[in-house]
Amino acid sequence: MESLARARRLTRTMLLLWFPVMWVVIAIGVVVAVAADRFSWWSTGLAAMAAAGLTWIAVGLVTELLGRRYPVRQMAVAAVLAVVAAAVGGAEPLGWGFTLMAWLGLATIHVSRRTAFLIAAATGVTAVGLAGLSVALGTSLMAAESGSWGAMAFYVVMYAVWCATVPPSGRLWVWIWQLADEAHAGRDAHARLSVAEERLRFARDLHDLVGHQLSAIAVKTELATRLSDVDAGAAKAEMAEVNTLTRKALKELRQAVRGYRELDLTAELSSVKGVLEAAGVRCELRLPYHPLPDGVAPVFAYVVREAVTNVLKHSAATFCDITIRFTEQEAELSVRNDGVARQAAGDLGSGLAGMRERLDAVGGTVEARPTGRGEFLLTAVVSLPMVG
């Protein structure tokens, strides 16, 4: 979640960046107007109020756009303010005319390419028209330097370039944010799918192992009930078989539950590697050449499952390294990834508590913490020989 929040903040910053740039460009235009002795207090004040209103509305517009909404009314009000600022200020591309470009950077988000093209074209025509009006009124700074035709050529080229480059920039940042959001949702879906598949596997195992015995028990119980009035001996024999089938079903049920709780480490490592790589996370396994001591593999299999579930649910990792080593004194499992560097161990939910309970039962320990190198490390250690 932290990485997703960072992506949202970055996208918001880049979309709002048009407006600090707008004010810098406006300041340059004001300085040029003062130097050319063309500065007007009343027009500058009115244009500044319109630009300030545009900036204030833009903050709310960006929030709506990041929520995948297109606020038509607010966008229209912002357009009016941008036009007023450009018209009163003189519509110089390196001045008040840039208010139209700042608005354009937001107005072309969440619309079709055709609509974005039409908005950009209309904005360009409006900007050139307002600049042409300043030329006709004799207030154009560029016309005073380059003549009317030279000024108009400059305006057309500048606004054409900006109208061609500003819309793709804003749309690109929002597209990147949407990809990050969809990738995070995909990881959550992977985690939920893994849980659902495990539940289906357990239900299937129970049905295959116990279902037959339970069906036989039901049939023989019904038969014994019918025979109880006509042949007590046969009924007793049937009930004896029911007792045998019940004991067998109970034994197989306990075996199924024990097999579910005591996971197979090899199968679990293969499963988590496949899930991680399907989610775009590079997974490296570093395993010992010799079999693990008795009792260690089921415990480590449980820890691996919980640790990888946390990687998928709580991070935006690009790699995950799983290392297992052991000596005569202890066995150690470490899971290292680069996706939860700022996350506290206590944020990992009930999974970490379950790991600690499982490790405590066999005299082991588990630790989860950031490493300080932009990584997160979970380590489980079991003393040998195991207790419990």
Notebook entry, point to check: So do the side chains of E284 and T323 get within less than 4.5 Å of each other, counting heavy atoms only?
Noted result: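 Side-chain contact under 4.5 Å: no.
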Checklist line | Non-hydrogen side-chain atoms of V335 and L377 separated by less than 4.5 Å | finding: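 In short, these two side chains do not touch, never coming nearer than 4.5 Å.
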Notebook entry, point to check: Cluster question for you: counting only ILVMFWY and a side-chain heavy-atom cut-off of under 4.5 Å, with indirect links fine, are V125 and L100 together?
Noted result: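 No, separate clusters.
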Item checked: Shared hydrophobic cluster for F154 and L137 (ILVMFWY, side-chain gaps under 4.5 Å) ->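 Different hydrophobic clusters.
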Notebook entry, point to check: Going from OG1 on T318 to CG on L276, what distance comes out if it is rounded to the nearest 0.5 angstrom?
Noted result: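 Here the interatomic distance stands at 11.5 Å.
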Notebook entry, point to check: Rounded to the nearest 0.5 Å, what separation is found between the CE atom of M158 and the CZ atom of F98?
Noted result: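 Interatomic distance, M158 CE to F98 CZ, rounded to 0.5 Å: 9.0 Å.
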Notebook entry, point to check: Run the side chain to side chain contact (heavy atoms under 4.5 Å, CB included) check on T371 and F376 step by step: do they pass?
Noted result: CA-CA 6 Å; T371 64; F376 194 85; over 6 Å; no
Side-chain donor/acceptor of [X] to backbone N/O of [Y], under 3.5 Å:
X	Y	answer
N310	E306	yes
T108	L104	yes
S43	S40	yes
T165	V161	yes
H110	R69	no
S169	V166	no

Next item on the list: On the 0 to 90° scale, with breaks at 30° and 60°, tag the W23-W96 ring pair as parallel, tilted or perpendicular.
Entry: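 Correct class here is perpendicular.
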Notebook entry, point to check: Under 30°, 30 to 60°, or over 60°: which ring-plane class applies to Y159 and W162, parallel, tilted or perpendicular?
Noted result: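 Ring orientation of Y159 relative to W162: perpendicular.
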Check: Would W173 and L10 count as a side chain to side chain contact (heavy atoms under 4.5 Å, CB included) if you check the C-alpha gap in whole Å, the side-chain angles of each, and the deciding distance to 0.1 Å?
Finding: CA-CA 9 Å; W173 280 107; L10 177 60; 3.8 Å; yes
Note to self: Filter on side chain to side chain donor-acceptor pair (under 3.5 Å), then keep only pairs touching residues 97-106, sequence neighbours left out; what's left?
What the structure shows: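 Sorted result for residues 97-106: empty, none.
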Check: Is the number of heavy atoms from other residues, nucleotides or ligands under 6.0 Å of F117 CZ greater than 12?
Finding: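 No, not enclosed.
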Notebook entry, point to check: Quick check: are there more than 12 heavy atoms from other residues, nucleotides or ligands sitting under 6.0 Å from CZ of R113?
Noted result: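 No - once you tally the heavy atoms of other residues, nucleotides and ligands closer than 6.0 Å, there are 12 at most.
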Notebook entry, point to check: So among L269, T266, L292, L265, which one has a side-chain contact (heavy atoms from CB on, under 4.5 Å) with L287?
Noted result: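 When L269, T266, L292, L265 are each tested with L287, the side-chain contact (heavy atoms from CB on, under 4.5 Å) holds only for L269.
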Note to self: Please identify which of these residues, V24, T55, V62, meets the side-chain contact (heavy atoms from CB on, under 4.5 Å) condition with F19.
What the structure shows: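 Filter result, single survivor: T55.
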Margin query: Ignoring hydrogens, what is the shortest heavy-atom contact between V311 and A317? Give both atom names and the distance.
Written below: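 Where V311 meets A317 most closely, the heavy atoms are CG1-CB, 4.0 Å.
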Next item on the list: Decide side chain to side chain contact (heavy atoms under 4.5 Å, CB included) for M101 and T123; before the verdict, give the C-alpha distance in whole Å, the side-chain angles of both, and the deciding distance to 0.1 Å.
Entry: CA-CA 8 Å; M101 300 302 106; T123 303; 3.7 Å; yes
Next item on the list: Go through the steps to decide whether S334 and I322 satisfy the test side chain to side chain contact (heavy atoms under 4.5 Å, CB included), and finish with yes or no.
Entry: CA-CA 6 Å; S334 64; I322 301 174; over 6 Å; no
Margin query: Restricting to salt bridge (charged side-chain N to carboxylate O under 4.0 Å, His left out), what partner residues turn up for R286, sequence neighbours left out?
Written below: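 Partners of R286 by the salt bridge (charged side-chain N to carboxylate O under 4.0 Å, His left out) criterion, ordered by chain and then number, come out as D321.
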